[in-house]
Amino acid sequence: VIATASVKKVVPQVQKPAEIDWAADSDDDNLDQAEKKYVPGSFDQFNVNERKFGVKSTYKETDYTTDLNQRQYSTEERSRAERLTRDINRTATTSEAHRIERGLDSNVDEGT
């Protein structure tokens, strides 16, 4: 005896998202002004998260870097290190990530 069953395929109904005319409510002038005022390195995400959401960060830079005792180095050594840092940061780079990090490429959206 062979039994057959009727199988009905169920396709869920998916609601199409509303279309938004992004250009209609664009505020490009305000965005342009904000970009002109932005200073690379001035945004403190930890401060903003604490202020807006009450989240206190446990981030410690020394967990990710080597903590140096500045007093163990001579003034000459510290000056040389600062000079090298400036030279490295001034060096041209073809890396998009480095250009964004250094604030050299304002035409790139960091979120993409």
Side-chain angles (χ1 to χ4, degrees):
V1 176
I2 299 175
T4 60
S6 175
V7 178
K8 184 177 180 182
K9 185 175 183 180
V10 178
V11 178
Q13 295 296 319
V14 178
Q15 188 174 1
K16 184 178 177 183
E19 289 188 26
I20 299 172
D21 184 1
W22 293 103
D25 62 356
S26 174
D27 203 1
D28 287 341
D29 291 338
N30 286 340
L31 182 58
D32 289 341
Q33 290 300 318
E35 286 178 344
K36 288 176 186 173
K37 292 178 185 176
Y38 176 71
V39 176
S42 65
F43 179 72
D44 183 346
Q45 69 187 33
F46 303 111
N47 184 6
V48 171
N49 281 339
E50 185 172 359
R51 191 178 71 247
K52 283 187 161 186
F53 309 110
V55 176
K56 179 77 174 153
S57 173
T58 58
Y59 172 81
K60 294 181 205 141
E61 187 170 321
T62 55
D63 289 345
Y64 302 94
T65 62
T66 302
D67 192 24
L68 298 176
N69 177 355
Q70 296 284 330
R71 288 183 236 150
Q72 77 182 19
Y73 299 100
S74 70
T75 304
E76 183 180 292
E77 289 172 314
R78 288 194 305 270
S79 293
R80 181 173 182 269
E82 289 170 10
R83 198 170 42 255
L84 287 170
T85 300
R86 281 192 305 272
D87 289 347
I88 289 168
N89 287 335
R90 275 195 302 246
T91 304
T93 180
T94 57
S95 165
E96 186 174 341
H98 288 152
R99 292 183 56 74
I100 293 169
E101 215 172 68
R102 295 177 186 179
L104 299 173
D105 198 341
S106 62
N107 295 323
V108 175
D109 178 6
E110 291 184 49
T112 57

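Keep in mind that the numbers below use all heavy atoms, side chains included, and drop hydrogens, waters and symmetry copies.
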- Between F43 and V48, does a side-chain contact (heavy atoms from CB on, under 4.5 Å) hold up when you go through it step by step? CA-CA 8 Å; F43 179 72; V48 171; 3.6 Å; yes
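Under the 4.5 Å side-chain heavy-atom criterion for ILVMFWY residues, no single connected hydrophobic cluster contains both L68 and Y64.
In this structure, NZ on K52 lies 12.5 Å from CD on Q45, to the nearest 0.5 angstrom. To the nearest 0.5 Å, the span separating CG on D87 from CZ on R80 amounts to 10.0 Å. One distance of note links OG1 of T66 with CD of E61; it measures 10.5 Å at 0.5 Å rounding.
In this structure, the side chain of E77 engages the main chain of S74 through a donor-acceptor pair within 3.5 Å.
R71 CZ: 12 or fewer foreign heavy atoms inside a 6.0 Å radius.
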